[in-house]
Amino acid sequence: MTRKGERAAAGGLAFACFAALALTPPAVGAQVETAEGADRAEGVRAEAGRADGSAWLEREAFLMGTALRVKARAGSREVAAVAIEAAFDSVDALERRLSSWRDDTALGRLRAEGRSAAGPATLELLENARRWSRRTDGAFDPTLGALVGAWDLRGEGRRPTSADLASARAASGWRCFEVEAGDGDAAGGADEFGEIAARCPGAWIDAGAFGKGAALERAVATLRARGATSGLLDFGGQIAVFGSPPDAPGDWPVSVAHPDRRDEPAVRLALDAGSVATASASERFVVLRDTVRGHVLDPGTGEPVEAWGSVTVHASDPMAADALATALFVMGPEEGLDWAEAREGVAALFLRPGPDGLEIACDAEMSAMMERVRETTSKPETWKGC
Ligand code: ADP
Ligand code: MG
């Protein structure tokens, strides 16, 4: 298993300092390389005074196992700095509830001990996740921790025996969890507010497909509440934007990487708001009997989805974009396109490498985001609906 974002680059200052804020289009799905364990705020990289007294500031922190890069504009450099610091804190707070990579979080304790106290914010997030499971007919399903373990998706990857696969499937699904809201005081934010318990032995919840999105939602809300008027956030390849970009009012240019060649932009999008997330099998994968499988599991079969390309989803809510990228990756380019086409507020782009080049398919909403920059996109072999 490989994880590109964890390959150490030359520290948090791997990026050069810019004299002025140059907005290079971030590549969706292309991870920002960073040093493991690098601390926040070491990556102050760009700032520019504005004639109107506003200032842009860019900082990077290592959170949720990857780099969170934030560029924000506020009335002054100080306001921007405080807002970004608060945004990092909000993500850190979420990681301390959702991470199942450690034992001292709500989901970590659930994994280790089969039950855990959970605060109202955690329970609300889980309720939200459950809603996306329902809406995607179970294609998005974070209750499959047991399957993540059976396939060793956090390690080198391995094919489980059919008995192990069957028991992991039996320990996956929302029916394996019981949530008790409790009668604590929500205003107090006490972690003792409610409880979440596993009903099936070995069942746990993996926030891998919605944690970064939920964190981006928190970070954007925090930035705005602290006075940031515009911003661009890149969290390990998932992008969120608000307000308007530095030099020209209008849309934010974002490029979507080629599914096989992550450094090569395949399509450019113009975002006016919201978030884009990409799911593919190229960042982290396992090779099983000559087929490349990603780290995304098909909850219907209990098996990792075979690599077919990538899907990029835009939605106003970053958590929805994150969860839906995973769900549409499970559905695949045909069913996924139909699903997105039928949903207002969900734009989807499918990139599928084939013998004749890259096949690009998208729904009408995504097409509108691409049109504005179409002349600058490379000419692919086939366009479907874009
Ligand atoms: P990334 O971590 O690259 O952003 P995704 O957002 O696609 O990737 O999330 C994939 C992760 O979510 C997997 O590593 C696993 O932890 C978990 N997962 C795998 N399959 C599913 C699924 N069908 N629904 C929800 N979570 C999943
Ligand atoms: Mg996801």
Side-chain angles (χ1 to χ4, degrees), residues 1-6 27-32 63-68 95 98-101 107-108 111 125-126 128-155 157 168-169 172-174 177 203-216 234-240 257 259 262 275-286 293-313 315 318-332 335-336 339 348:
M1 168 118 85
T2 62
R3 190 186 169 94
K4 201 176 171 192
E6 284 174 359
V28 181
Q31 302 242 15
V32 178
L63 290 156
M64 293 188 165
T66 188
L68 170 57
E95 187 176 6
L98 294 186
S99 176
S100 51
W101 293 79
L107 293 189
R111 181 183 182 187
L125 269 173
L126 290 179
N128 205 4
R130 189 177 192 146
R131 217 172 290 133
W132 285 115
S133 285
R134 260 187 247 119
R135 287 181 189 154
T136 59
D137 252 332
F140 167 76
D141 186 351
T143 65
L144 36 61
L147 283 163
V148 170
W151 288 93
D152 188 30
L153 295 183
R154 290 185 170 186
R169 291 185 72 183
S172 300
W174 287 101
F177 298 92
W204 55 279
I205 294 177
D206 183 346
F210 70 91
K212 272 190 288 169
L216 278 172
D234 179 345
F235 201 177
Q238 182 172 350
I239 310 294
R262 311 294 293 169
S275 181
V276 271
T278 294
S280 73
S282 56
E283 289 286 338
R284 292 182 287 147
F285 56 88
V286 293
R293 312 285 188 105
H295 51 105
V296 172
L297 289 153
D298 180 347
T301 61
E303 303 220 350
V305 177
E306 252 184 73
W308 55 260
S310 71
V311 55
T312 297
V313 173
M319 172 160 160
D322 195 5
L324 290 176
T326 303
L328 298 195
F329 190 73
V330 171
M331 292 180 201
E335 192 192 329
W339 192 95

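Please read all numbers here as calculations on a predicted model, not as lab measurements. Counting starts at 1 for both ligands and their atoms, following the listed order.
Within the 4.5 Å cutoff, side-chain heavy atoms of Thr66 are placed close to those of Phe235.
Heavy atoms of Ala327 stay at 4.0 angstrom or farther from ligand 1. Residue contacts with ligand 1 do not include Ala325, since none of its heavy atoms lies under 4.0 Å from the ligand.
For ligand 1, the atoms lying closer than 4.0 Å to a non-hydrogen atom of Asp322 are 6 (O). If you number the atoms of ligand 1 from 1 as listed, the ones under 4.0 Å from a heavy atom of Pro299 come out as 23 (N). Applying the 4.0 Å criterion to heavy atoms of Pro142 picks out, from ligand 1, the atoms 25 (C). Heavy-atom contacts of Phe140 reach the following atoms of ligand 1: 24 (N), 25 (C) (cutoff under 4.0 Å). If you number the atoms of ligand 1 from 1 as listed, the ones under 4.0 Å from a heavy atom of Ala209 come out as 6 (O), 9 (O), 11 (C), 12 (O), 25 (C), 26 (N), 27 (C). Every atom of ligand 1 with a heavy atom of His295 under 4.0 Å away is listed here by number and element: 1 (P), 3 (O), 8 (O), 10 (C), 11 (C), 13 (C), 14 (O), 15 (C), 19 (C). Residue Val296 approaches ligand 1 through these ligand atoms, each under 4.0 Å from one of its heavy atoms: 7 (O), 19 (C), 20 (N). Close approach of ligand 1 to Ala139 (heavy-atom distance below 4.0 Å) involves ligand atoms 22 (C), 23 (N), 24 (N).
Looking at Ala323 against ligand 1, nothing comes within 4.0 Å, counting heavy atoms. Both the backbone and the side chain of Leu297 come within 4.0 Å of ligand 1, counting heavy atoms alone. Contacts with ligand 1 closer than 4.0 Å are made by no heavy atom of Gln238, backbone or side chain.
Proximity of a side-chain donor or acceptor of Ser275 to a complementary backbone N or O of Ile239 within less than 3.5 Å is detected. Side-chain N or O atoms of Arg169 include none that pairs as donor or acceptor with a backbone N or O of Leu144 at under 3.5 Å.
Between Trp308 and Phe329, the two ring planes are parallel [angle under 30°; tilted spans 30° to 60°].
An N or O contact shorter than 3.5 Å is missing between Val330 and ligand 1 by distance. Taking any N or O of Asp141, backbone or side chain, at least one lies under 3.5 Å from an N or O belonging to ligand 1.
Residues passing the salt bridge (Lys or Arg N to Asp or Glu O under 4.0 Å) test with Asp141, sequence neighbours excluded: none. Partners of Arg134 according to the side chain to side chain contact (heavy atoms under 4.5 Å, CB included) rule, which considers only residues two or more places apart in sequence or in another chain, are Glu127, Arg130, Arg131.
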Checklist entry - Thr143 and Ser172: side-chain hydrogen bond (donor to acceptor under 3.5 Å, both in side chains), yes or no, with the steps? => result CA-CA 6 Å; Thr143 65; Ser172 300; 5.9 Å; no
Next on the checklist: Under the criterion side chain to side chain contact (heavy atoms under 4.5 Å, CB included), I'd like the reasoning laid out for Asp137 against Glu335: C-alpha separation, chi angles, the key distance, then a yes or no.
Outcome noted: CA-CA 12 Å; Asp137 252 332; Glu335 192 192 329; over 6 Å; no
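Between Phe140 and Ser133, the closest heavy-atom pair is O-OG, 2.7 Å.
Note that CH2 of Trp151 is 6.0 Å distant from CZ of Arg293, once rounded to the nearest 0.5 Å.
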